Amino acid sequence: MNQPLTHISLLNEVQQKAVTAEPSHLLILAGAGSGKTRVLVHRIAWLLQYGNITPFNILAVTFTNKAANEMRERLNKLVTIPTSNMWVGTFHGIAHRLLRIHWNEAGLSQNFQIIDSEDQKRLIKKIHKTLNLDDKKWPVENSQWFINNKKDEGLRPDKINSGGDLITATLLKVYTAYTAECKRNSLLDFAELLLCSYELMHNCPELLVSYQQRFQHILIDEFQDTNKIQYLWIHLLASGGSSHLTIVGDDDQSIYGWRGAKVENMQRIKTDFPDIKVICLEQNYRSSGNILSAASSVIANNCNRWNKTLWTTKEPGELINLYVAINEIDEAKFVVKQIHKYLHTGIAPNDIAILYRSNAQSRVFEEELLKEGIPYTIYGGYRFFERAEIKDTLAYLRLLVNPNDDASFERIINFPARGIGDVTLSLIREKARADNISLWYATQSVISEQKLSSRMTEILHSFIELIKNLAIEIADMPLDKQINQVLYRSGLYNHFKDDNTTKGDIRTENLEELINAARQFVLDTTESPPLINAFLARVALESDAVGSKEAKNTVQIMTLHSAKGLEFPILFLVGMEMGLFPHHSSLNNPSALEEERRLCYVGITRAMSKLFLSCAQVRRLRGIESYCMPSKFLREIPPHLLNTLSQITTIYPEKRSVSVWENNKTASTTKIKIADATDSQWKIGQKVSHPKFGTGIILEINGKGDNAKIKIKFEQWGIKLLVAMYANLR
DNA sequence: GACGCTCTCATTTTT
DNA sequence: TGAGAGCGTC
């Protein structure tokens, strides 16, 4: 019974204060590595023990599924009472849960389906076609961005005024048509889940009150990453008078601005709930002194910050290693060699992680790890449930659940190939539009009206029959058998089985894995059958949770974004180059650059004792070799914290590279003539300066003209790191 | 209508 | 580099 108490004694004074704070609104500013998850979990345990409430009265919202699972796991270790009726989940997960329960009040159909961004894109593309919009002039991505943005802001099409602006007016037209299409097909995208559940609460006062009374404690993690609609949703739920907020956030770790997250929410909550109590967690338990100093130095370059200083009682520890690689392959080889060494000293693989800015960078590392036989787990990138063959199968399932799902219909009407081509499909689409019915019913109209050749009518008829019969056949089967049946009857399984290439093998394997995932889902789930809907929802919302193989003791590879909330004793932060990290698109945008810097801060603070940073001088990206400058974030780390492992390096003069990375415009003014390299003007030992890299000394000059190679030692970079530049030496 | 070929084009992060 | 569109051939 006093279990939590003993645990609480292990927390520091401020943490204890946060955990045991009297029920009121609470804002915990928790720096990186200050034990915020610990505090959150302990707070829940404390409330359960002393707060005179049950798990039923608690709502805990996290940002990712990973975090939600971890929270529940840790909580179950801490408390003895069952917590299954406590709501823990992501914003999207909780919103979905509400909508499944109250679909009627929300004005949805009972079997509504969730679509992911790829499905959404396909749908918008289709709408562009019907609106006669040229995809070149009107990129689908723009429309998608516009729609999601407006939804994140809580704006429906009728609330938007284009103000006579053609671009906005057109996007608005797409948004309107898209909304109608989703409605007719009973499809909800990610943003819609949030908006819809907000509107549900907003429009049903009695429902709102019942939830306000139920959730006496609402705990929100990663608050800095909430967007407007999420904020409004929280605000609504917490405004009942009987509920108390516990909010945890760190403005320095806000990295989802590009997705509509508003750091300002952290300020706003103080205005909206003036009695909110603020507690700062500033002691870092995770990283060594040097790593923490480096992180602090980097983030200090951001202007818009709250005052918060992390400190630690830990020893400085080792220096931060910096490796300047020749190219991305050399970089990967270096990293893998280091990993190899550590594994030999008995370090567990899952204590090591490689983090990068973009998924495209993962390939080289995978290849090298594979070569060395080092087990690894890769997060993100190609997710299991985003693979084509899986989506094909799911499309059959979705059509079975909801015949009005046009997106799924289009996906599978002719897959595997049945001889239904564009001409036939256009006719069906035309019919659907004219009668305002779904493609499924339009097809049946077309059949009965005998508008097509008898052969085509027969083909369409047998497709309709296939789906109808399948629905009957699988009605009483367990979920995994249902999927199995769909795979065989649709011909999907044989289609991939007949493909004797490796690709085909992988695909059939994936299909079998899908059946396994379904079997596992049946075992794990607490829902009652029929389970198809629950399974489809889970798949859409947690696309990497099911089906991905267990990440048992392997080296962890992932993007910086997905590393948020994690920690690793040994960490490699790779691809530290201008244009890659900070990303190209942020170079001309100060606020985007600050977000990149926060991302860098998040990255560095993931490391516990050993941190390796690396950059490549030449990088092959999308088939083109580019010459790179080291990331400006590297220069924001005090040189005395760095241990440079690279040999003296040489960068080849290449004009193109200058224009690639320098402000994205041709840098004719900053280009120098390396042709001068052997002129008397340039001598070994001569002092040179560069606007970005400061002063240095020429060590070596090789070759002539455009082929000349210069080695320069820059003061700012310490004794070993030498970055010879090909631009603007004066 | 299916399939294979060439050409073009855009490149971030995730629920 | 690799996905998608467009085009020509079977």
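Because the structure is predicted, anything quoted here is derived from the model rather than measured. The sequence lines fix the lettering, A, B, ..., with proteins before strands; numbering per chain opens at 1.
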Pair [X] + [Y], salt bridge at N-O below 4.0 Å:
| X | Y | value |
| --- | --- | --- |
| A:Glu222 | A:Lys564 | yes |
| A:Arg122 | A:Glu410 | no |
| A:Lys333 | A:Glu368 | yes |

Of the listed nucleotides [options], the one nearest the side chain of [X]:
| X | options | value |
| --- | --- | --- |
| A:Arg620 | C:dT1, B:dT12, B:dT14 | C:dT1 |
| A:Val423 | B:dG1, C:dT1, B:dT14 | B:dG1 |
| A:Thr64 | B:dT15, C:dA5, C:dT1 | B:dT15 |
| A:Ser585 | B:dT12, B:dT15, B:dT13 | B:dT12 |
| A:Asn414 | C:dG4, B:dT14, B:dA2 | B:dA2 |

Would you say a side-chain N or O of [X] is under 4.0 Å from OP1 or OP2 of [N]?
| X | N | result |
| --- | --- | --- |
| A:Asn227 | B:dT15 | no |
| A:Ser562 | B:dT13 | no |
| A:Ser586 | B:dT12 | no |
| A:Thr424 | B:dG1 | yes |
| A:Asn359 | B:dT12 | no |

Next on the checklist: Between A:Glu389 and A:Asn510, do the side chains contain a donor N or O and an acceptor N or O under 3.5 Å apart?
Outcome noted: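 Present: a donor and an acceptor within the cut-off.
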Next on the checklist: Under a 3.5 Å cutoff, is there a donor and acceptor pairing between the side chains of A:His102 and A:Tyr211?
Outcome noted: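 Yes, a side-chain donor-acceptor pair sits under 3.5 Å.
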Checklist entry - For A:Ala417 and A:His583, take the nucleotide of DNA chain B holding the closest heavy atom to each; which residue's nucleotide lies nearer the 5' end? => result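 Upstream on the strand: A:Ala417.
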Checklist entry - Relative to the 5' end of DNA chain B, which residue comes earlier, A:His561 or A:Arg418, by the nucleotide with the nearest heavy atom? => result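 Checking each residue's closest nucleotide, the 5'-ward one belongs to A:Arg418.
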Within the structure shown, what part of the strands sits under 4.0 Å from [X] by heavy-atom distance: base, sugar-phosphate, or nothing?
| X | answer |
| --- | --- |
| A:Lys125 | sugar-phosphate |
| A:Arg363 | sugar-phosphate |
| A:Ser117 | base |

Item to check | A:Phe91 aromatic ring stacked with six-membered ring of B:dT15, 5.5 Å and 30° | outcome: no
Item to check | Interatomic distance at C1', C:dG4 relative to B:dT13, whole Å | outcome: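 That atom pair is separated by 23 Å.
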Next on the checklist: If I pick the C1' atom on C:dA5 and the same atom on B:dT12, what distance separates them, to the nearest angstrom?
Outcome noted: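 Roughly 24 Å separates the two C1' atoms.
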Protein-nucleotide distance ([X], atom [atom1]; [N], atom [atom2]), rounded to Å:
| X | N | atom1 | atom2 | result |
| --- | --- | --- | --- | --- |
| A:Phe63 | B:dT14 | CZ | P | 11 Å |
| A:Gln361 | C:dT1 | CD | P | 17 Å |
| A:Leu188 | B:dT15 | CG | C1' | 14 Å |

Checklist entry - Centroid-to-centroid, A:Phe63 to A:Tyr256, below 6.0 Å? => result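 Under 6.0 Å, so yes.
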